[in-house]
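Bear in mind the structure is a predicted one, so any value in this text is a computation, not a measurement. Naming convention: chains lettered A, B, ... in sequence-line order (proteins, then strands); numbering from 1 in each chain.
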Amino acid sequence: MNPYAYIRKQVVAMVGGLADDGIVPAGMDFANLAVEAPRDPSHGDVATNAALVLTKQARMKPRDIATPLAERLAGLEHVTAAEIAGPGFINLRLSDAFWRARLGDVLAAGPSYGDQDVAGGAKINVEYVSANPTGPLHIGHVRGAVYGDALANLLAKVGYDVCKEYYINDAGAQVDVLARSVHLRYREALGEEIGDIPEGMYPGDYLLPLAREIAARDGDKWRDLAEAEWLADFRRLSVDAMMDLVRDDLARLGIEQEVFFSEEGLHKEGGIERGLASLTDKGLIYTGVLEPPKGKTPDDWEPRPQTLFKSSEFGDDVDRPLQKSDGAWTYFAADVAYHYDKLQRGYLQMVDVLGADHGGYVKRLNAVVNALSDNQGTLDVRLCQMVRLLRGGEVVVMSKRAGNFITLRELVDEVGRDVVRFMMLTRKNDAPLDFDFEAAMEQSKDNPVFYVQYAHARIRSVLRRVGEELPDLSLTAENLGAADLSPLTDSAELDLIKQMASWPRALEIAAQAREPHRIAFYLNELASAFHALWNKGNADPSLRFIMADDLGTTQARLALIQGVAFVLASGLAVMGVEPVESM
RNA sequence: GCGCCCGUAGCUCAGCUGGAUAGAGCACCGGAUUUCUAAUCCGGAUGUCGCAGGUUCGAGUCCUGCCGGGCGCGCCA
């Protein structure tokens, strides 16, 4: 049970009762009525703003609503106190037994505690990473990858039918460059002296295995042909090989996307035309001449008629071109077609995770989706800010030209998947993030990955120990759930339960805000409360989890910490981090 | 020039779709260990929430205008 949702239901019912009795007007809107845990615990267990949000509709003073409401709420089962405070808040205290029952909820659900159905199984498509298939993933891709994956998990957790998707930008000129670079390496593999890699080619050694493979298989078949003879084949081979690299990199982060959608496929199979036809049907495509951007006119600017999409009718600043001057489609035209395809596949809700340097594209993408779906679909473009790599406080210098970008693989090999994933989620996605190799590996409470993992490991350690010392106690979730929890009376124990009980609500809020970093903060706080309780047991042996001479209390406390372990595991699963058994 | 994002304690950042006296951590000082893993915990100071207006019972949160920082702005993807 979500205690806040439960109490809210009661409050709404009570207000209905007041209306029946003519104390307040009937038919009021409860949309803004909230029941939440107050910031200050001294204000009670739950608080509601009911009287404040209804004051206007009821044309009554907050106190005049709050007083009769509080009286009735005080009579509710489980409510031990109802006080009016501040401008008209009603603070409620709930019985210890009520909270203990919430621990029962946790134990019954296990690691799936927090799963809910607020989205009603609505289909949603989350597209992330979508790096150009020209080489291995590097540090610049990691944050979006982790953020997108955790967000997808989070949305699934609250009841969305989620599709994890990757858009392969395999249609543009950069793939020609890739194919030429591979051909050059192929000639090298055949024994030719190629000298330095020319400017504008991809210099990376990761092309060598593919080049050698082609050379071994095909010999000199491609060597002396004109480019037109081999380009298409090399493009295909190269993209396939690079996508294998990318998938391998993603697997290292524990990411497995279901759909890999090819831009080239759109071009080849008439997808672009289908997408644009939809806009044409709506009368949103025309030929016109754009003004040069103010304050930054390109040197070679020439006004020329272009095929344009009326994105300005959907909130964009200007209309956007769909065709280049040579008649080829722009990247944007493919984007139209791609989002059209997503809509055709039934995704009215879409999330695109992009780098912050794509901020300028948000409006036009939203315009596309609104136009194509007649405002029925929604696209939420989430931007990820840069990650700055540090080593012991010093910025790690990387140069694109020198090709010494830190790769995803190097990062994961050095600090581990769990550390990378957790650290990437310790900041809001649109805030810059510093990733310090040394801090990330530190084994102390300053390191949130470690801190949360340690809490879980400690619990597992206690449970293992009980298995040895008190073999008569059964530690299955069923038995712990059935245990008499009444020995849990200490305020630190009850606080821990209250914190666990707020997990479903925390998930809901995080999902709604599309901010998985909130999960990391929640877990840090839960771990902190657990460590505090543990330490209380150090100071006061009567608060230890294992009380060999009091099996009833022991069982209740083991139920408590098993609950904590379940919630930690539940949260870590959303983040894609392993809950470790020991450290 | 225009658009988007950001501005909260000395530092790094939270702030729950507008709520009560704005919170953590770091750093600084002091304390707890014959431990259930002290890899931890407990206690102690800190604020013109960039500035100025506005909206209302109430604004760090929403609106407008400034100031300061980042990103972006046709024929790259």
Decide yes or no for [X] and [Y]: does some side-chain heavy atom of the first lie under 4.5 Å from some side-chain heavy atom of the second?
| X | Y | value |
| --- | --- | --- |
| M423(A) | N447(A) | yes |
| Y522(A) | S502(A) | yes |
| T330(A) | R320(A) | no |

Nucleotide nearest [X] (side chain, heavy atoms from C-beta), chosen from [options]:
| X | options | answer |
| --- | --- | --- |
| D430(A) | C5(B), A77(B), G74(B) | C5(B) |
| D317(A) | A77(B), C16(B), G3(B) | G3(B) |
| L52(A) | G19(B), G74(B), C4(B) | G19(B) |
| F450(A) | A77(B), A39(B), C16(B) | A39(B) |
| K324(A) | A14(B), C75(B), A20(B) | C75(B) |

*Using heavy atoms and a sub-4.0 Å distance, could you list which residues of residues 499-508 of chain A are near RNA chain B? By number, please.*
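The stretch gives R505(A) as the residues lying under 4.0 Å from the strand, ordered by number.
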
Euclidean distance for [atom1], [N] against [M] (whole angstrom):
| N | M | atom1 | answer |
| --- | --- | --- | --- |
| A24(B) | U8(B) | C1' | 13 Å |
| G23(B) | A45(B) | C1' | 15 Å |
| U21(B) | U64(B) | P | 28 Å |

*So does R236(A) pair up with E264(A), basic N to acidic O under 4.0 Å?*
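Between E264(A) and R236(A) there is no salt bridge, as every charged N stays at least 4.0 Å from the carboxylate O atoms.
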
